[in-house]
Amino acid sequence: MKNILKAVLAGAMLATAMGGTAAMAKGKTIAVSWKTFQEERWKGDEATIKAAVEAAGDKYISADAQGSAQKQAADIEGLIAQKPDVIMVVAFDSDAILPSIKKISDAGIKSIAYDVQFEDPNALYITFDNVGVGRIMAKEILKAKPEGNYAFIKGDKGDPNATFLFQGQMEVLKAAMDAGKIKNVCETFTDGWKPDNAQKNMEQCLTSTKNKVDAVLSENDGMASGVVAALKAQGLAGQVPVSGQDGDLAAINRVALGTQTVSVWKDTAQLGKAAADAAVAMAEGTAIDKLPGVAKFNGGKKKVEMNSILLAPTPITKANIGDAIKAGHITKDQACAGVKDGVDACK
Amino acid sequence: MSIPSASSQNPALDNEGAVKRFFRATEIDTRMLGMIAALVLIWCIFDVWSGLHLHNNLVGEWFQGVISGSDGLLGGTFLTPRNIWTLLVQTSSIAVMASGMVLLIVMRQLDLSVGSMLSLVAVASGVLQVYQLGPSLGVGHPAIWLLAIALCLVLGTGIGAVNGTLTAYAKIPAFIVTLGGLIAYKGIAFYLASGETVAPMDQRFEVFGGGVQQSWLGPFWSWMLGLLVCAGIIFAIVNGRRQRRRFNFPLRPVWAEVFLGLMGSAIVLGLTNVMNSYPWPYNLIANYAKDHNVTIPPGVENRDGNAICMAGDQIVHCTNGLIYYTGYSLPVLVALGVGIVMSFIAARTSFGRYIYATGGNPEAAELSGINTKWLTVKVFALMGLLVGISSVISSARLNAATNALGASNELYVIAATVIGGTSLAGGVGTIYGAMLGALVMQSIISGMSLLNLPAAYQDIVVGGVLVLAVWLDQIYSRRVK
Amino acid sequence: MAKSVKKSPVKKPVARKAAKPAVIETHESPAVVKGAEPHAPTKANGTPLVEMKDISIAFGGIKAVDHASIDLYPGEVVGLLGHNGAGKSTLIKILSGAYKRDHGQIFVNGQEVTIANPRDAKAQGIETIYQTLALADNVDAAANLYLGRELKTPLGTLDDVAMEAETRKVMHRLNPNFRRFKEPVSKLSGGQRQSVAIARAIHFNARILIMDEPTAALGPQETAQVGELIKQLKAEGLGIFLISHDLHDVFDLSDRLVVMKNGKVVGTARTSDVTHDDVLGMIIAGKCPKGAIPGPGAMKQVA
Ligand SMILES: Nc1ncnc2c1ncn2[C@@H]1O[C@H](COP(=O)(O)OP(=O)(O)OP(=O)(O)O)[C@@H](O)[C@H]1O
Ligand SMILES: [Mg+2]
C-alpha cells in the first residue's frame, strides 16, 4: 500500500519538476521572499504579483518566512540556489535582512525591497509614500477648513506609522499653524488604533474645548468611525471635516454621506502590479534607474540613498467615489447606502 | 479568660464610639464608603487640574472661575454635568460586564473571553443588520433592531453556555477554556466580516448607544424615574422593618432608617438633577426647532451660553432662550437596570445564594445538594447574556461593529471587578462594588484624556490603581478582622 | 462460614420483594432475625431502615472500602469505629451521595435505591454531618442551614428573616449561647461551626442521620447536649450512624457497633455483648470477640 503511494507521489513530483523546467526555458524567474502569511493582506499581494509575473510569461517562485528572521535568511539562500533573475523581499526585520541581501547581489541577482525598506544602495525600494498619506489627509482637510481648531486623533503610540503620518500632516499644516490660523487643541494617541478608544478621546476633546473643534485629523478609517460617532452625538457630524485612511467600505459610505471628508486609499493591488512590472523589466535587463517612475530616496534610518518607486495613494473624496466603485473595491450599493443627494457617483 | 469569650458573644455595645455605633446601626458597607470617597477624590483632583489647565495654570484666574461657577464645581471641565453624563455612558458597557464577572469570580471561575466575545457578537449583529436584513427587509425596517438585539442576547448566552459546559462538564479549567475563547472568538469575528468595519447600524438600534436624541429620557421622565426609585428605596426599608417585626427581631433605630432613606433618595435625586442639567448640544436644539416648527425666542448672543435664540435672523448661542435637557441616556439606564437586577439576583434568589456558597466552599455546596456543574453553566451563560447586552451598547454607541471593538475589554472588566473588592480567591464580591470599580477606572481614563495626557500615562495610572486598590483592600480587611 | 450464613437469608427476601412488594414484610423480618440470631440478635421488628450491601470503592488503587456491608434499624444508633483511614467516612459518604461506589447495593426500607449524588440521598431522608463539616464559610449560619432548600417568600425570593428565625430556634436547642447569626461562619469557633453543621442535619426531619465525629470540636457541655439530642432523636424513631473515636461516647449512645479496618468490616456486635477491650482488639488487631458477628475483615482463625 505504502509503496504504491510512494510511487504515485514520486511520479507526481517528477511531472511537476519537468513542468517546471519546461516553464523556465520560456522566460525569466521572479522570486519573492514573504515575511508572513499570517496577516490577511499579503495573500492578496501574492495573488496580484503571481498573476502579473505569469502574464508576462515568467515563472513565479516564493517562500514564506512565517514571521521569523532566521527562516527568512534560510529562505533567501534556498531561492538563490534556484537561480532566479530577480528576488523581491518583504523583510521581516529590515536590519537582520542585510547579510542576505548582500548574498543576493554577490550571486549577481537583482533585489527589490517590497513595501518594507532595507537600506541597500543596489536594491529598488517600492512602496506607497507613507509620509505622503499624512500629507494628503492634511491637504484635503485644509482645503475644507483653512483655519480653526484642529484635533489630532493619532494611532497607537507603539506604532511608528502613527508618528510618520503625523509628521506628514505637520509638513502641510506648519505654515498655517505658524500664522496662527490653525490651532492644535487636542492631540492624542489611541490605544491599539481602536475605534471605541478614538470615540472616547474625541468625546473628551469636545468636552474640554466645549465643542470648539473645527476639523479632525484621524489617522485611519476605523478611528474615524469613532470620531464621527462622537461628533454625531453633539450634532456636529457633517459639519466638522474628518480624515481617515484604508478605504474601508464603511468609510467610503461616510464620505458619500458627507460625515467624513477623505479616506486615503492604498490600493495594494496597484502596489503589487507595479512591483511585478518592475521585476519583470529588471529581469529583462532594464537598469534600475531607467525604470519608469524611479526617483532617489534617502528617508530611511541610515539615510542610504536608493532608487525607489513611491506610489501615490488615492484620496477618496465625494468627487471620486466613482473610481473606487469602478475599480471594483466597493459596490455602488455599499458606497451609496443612505445617501440622499449631492453625490454624482450615487445617481 | 472569660472576658474575651463573653465579648465575642455579647458585643459590648456601650464601649463603642459614636462613629462605630453609627455604622453598626445603619449597616452601611464601610468598604463601599471608602470607594466612593476615593472616587470623589479622583473627581475633585481632575476638576481642579483641568481647571488649572483651562486657565493656563494661573491659580488666580482659576480661583475666579471657581467663584463665578461658570465651569465645573471646582473650576474645571471634569465636574460638569456634560462630563459626568459622558462618563456614565462611557462606563456603561464595562460596568454591565463587570456585574457578571463578579458572580463568576465569586464562584472561583473567570472569563477571559468577554472582550473577544463582545467583538464576535457585535460583528455578527452588524453583519445581520447591514448585510442581511438591510438589503432584504429594506434599510430602517422596524424588525431589524429587534432581530439584531435578539441575536446579540441569544448568541452571547449561547457562547457563555459553551464556555460553562466545557468548564463544568469537560472539567477544563475556566482559565484555559476562556483563554482559548479569547483567541478563537476574535478569529471568528474577523472571519465573519473579513476584518471590515460594519457600519452604519440600524437607526433604532443606534438608540441603545446614547448618541442620538431618541435615547435621552428628558427631564420629566428622568424625574419620574428618580422619584420611582426613591419610592422603591423607602418601600424596601419599610418592608424590611415589617419583616423583622414579624419575627420579633431587634429593629434598626428609627433615626438610622430615616438616615438611610434620605441618603439613598438624595443620591438618586442628585444624580437625576445632574443628568437633567446637561443641555442638548447646540446644533441638535437648532435642528429640532427647525424640524418641529418650534419658535426660537429672540435674544442676545452669548458664545458660552447653552441655549439658542434669534439675533436678527441668525440663530445664535445665548444664555436665555430655547433649551432642552437630556436627562438619563438609554445605555446608562440599561447599566443601572442591570446593576439592580444583578444585585437582586445575588442577594435575594437561591441562584445567587448558591453562587456565593459555591465560591465559599465548592465541596460543601455540592454536598448540600446543589448541582454545581449546572450552576456553573448558568453563571457562564449569564455572563454571556451580559456580554450580549454590552455588545449592543458598544456597537450602537460607535454606530459600527468591528472586530477590534471588544479587544482588551476582558482586562478592564476583570480590573473593575477587582478594584470593586471582589476577591480572586472566591466567595466575596458585590455587584455595586464592581460597577463602582468600572466607574473609578473610566474616571481616570477620561480625566487624563481630558487633560490631554499621553495614553501611556493612562495605562500606567490604571495599572497602578488596580494594584493599589487590592493592597488597600487587604489592609482594610485585616483591620476589620 | 459466617459469611454465607449472613448473606443468604437477606438476599432472598430482597429478590422476592422486588417482584412483589406487598408480601415482603411477613417474609423478610423472620428471615433476618434467624440469620442474625446465633451471635447478635438485633431488633427483630421490621425492615432495616438502611442496608448497605457489599460496598466497594477504590481511589486510584487504594481500596478505601472493600466489600463492606452494614445495616441500621429505625430507632437504632449504630456506632462505626476504626483506626484512622479505616474507611468509615468513605463508606458513609457513599450513603450520603458524596462518592459513587464501584460496587454494591443500597436499600432503604428494603427497597433498592439509586444514590448518585447528595440530592438523591436527601430525597431518601438521609442527612449527614460531615467530618469536614462542609460549611460554606463565607455565608452566615442561616444560609448554611438552608443551603439547597431555602425558604422563599410568596414572590419566590429568599425569605432571609424567616430562615434566621428558624435558625435561632434550632441553634438554641444545641447551643443556647450562640448569638452570631449575622456573621459568616468563617468567623465562628470550631465548636460553633460544628453546632451549625449539626443543626443543619437535624432540622429537616431526617429519617437517617449520619454523624461523622460530630463532637470532635465540642466542649463538655455541648457534647453532653449532643448526646441528649441523639437519645431524643432515637426515641423519635430515627436511625443514626455515629462515627467516633471516643469509646465512652460510643458505648454510651449506640445499640450496636461496627468496626472497620483497612476498608473491611471486622465485625458487628451489640454494645451490651462486648467490652471496651474487645472493641479495642477489633480496632487494632482485627480480632473478632465471642459476642460479635465477624465480617470479611476479621482475622481468620477467630472466625
Ligand atoms: N477523595 C479521596 N481520594 C483518595 N483517597 C481517599 C479519598 N478519600 C479517602 N481516601 C483514602 O481512603 C482511605 C479511607 O479514608 P476515610 O476518610 O474513609 O478514613 P476514616 O476511617 O474516616 O478515617 P478517620 O478516622 O481519620 O476519619 C484512606 O486511606 C484515605 O487516604
Ligand atoms: Mg473519617
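We name chains A, B, ... by the order of the sequence lines, and we start the count at 1 in each one.
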Contacting region of L147(C) [heavy-atom separation from chain B under 4.5 Å]: both
Residue part contacting chain B, namely of K169(C), when any heavy atom lies under 4.5 Å: neither
Part of D160(C) within contact of chain B (heavy atom distance under 4.5 Å): both
Evaluation steps, side-chain contact (heavy atoms from CB on, under 4.5 Å), between R244(B) and E164(C): CA-CA 10 Å; R244(B) 297 189 68 79; E164(C) 188 183 329; 4.1 Å; yes
Chain B contact residues among residues 121-132 of chain C, heavy-atom distance under 4.5 Å: K122(C), Y130(C)
Part of S350(B) within contact of chain C (heavy atom distance under 4.5 Å): both
Max heavy-atom pair count under 4.5 Å with chain B, selected residue of A165(C), S186(C), A98(C): A165(C)
More than 12 heavy atoms from other groups under 6.0 Å of NE2 on H83(C): yes
Cation-pi, F247(B) ring and R168(C) (6.0 angstrom, 45 degrees): no
Engaged part of Y356(B) at the chain C interface, taking heavy atoms whose separation is under 4.5 Å: both
Residues 361-377 of chain B: residues contacting chain C (heavy atom under 4.5 Å, by number): N361(B), E363(B), A364(B), A365(B), E366(B), L367(B), S368(B), G369(B), I370(B), N371(B)
R348(B) side chain near K152(C) side chain, heavy-atom distance below 4.5 Å: no
Option that, when pairs with chain B are counted at under 4.5 Å, heavy atom only, ranks first among E150(C), R200(C), K93(C): E150(C)
Proximity breakdown for R149(C) and chain B, heavy-atom pairs closer than 4.5 Å: backbone
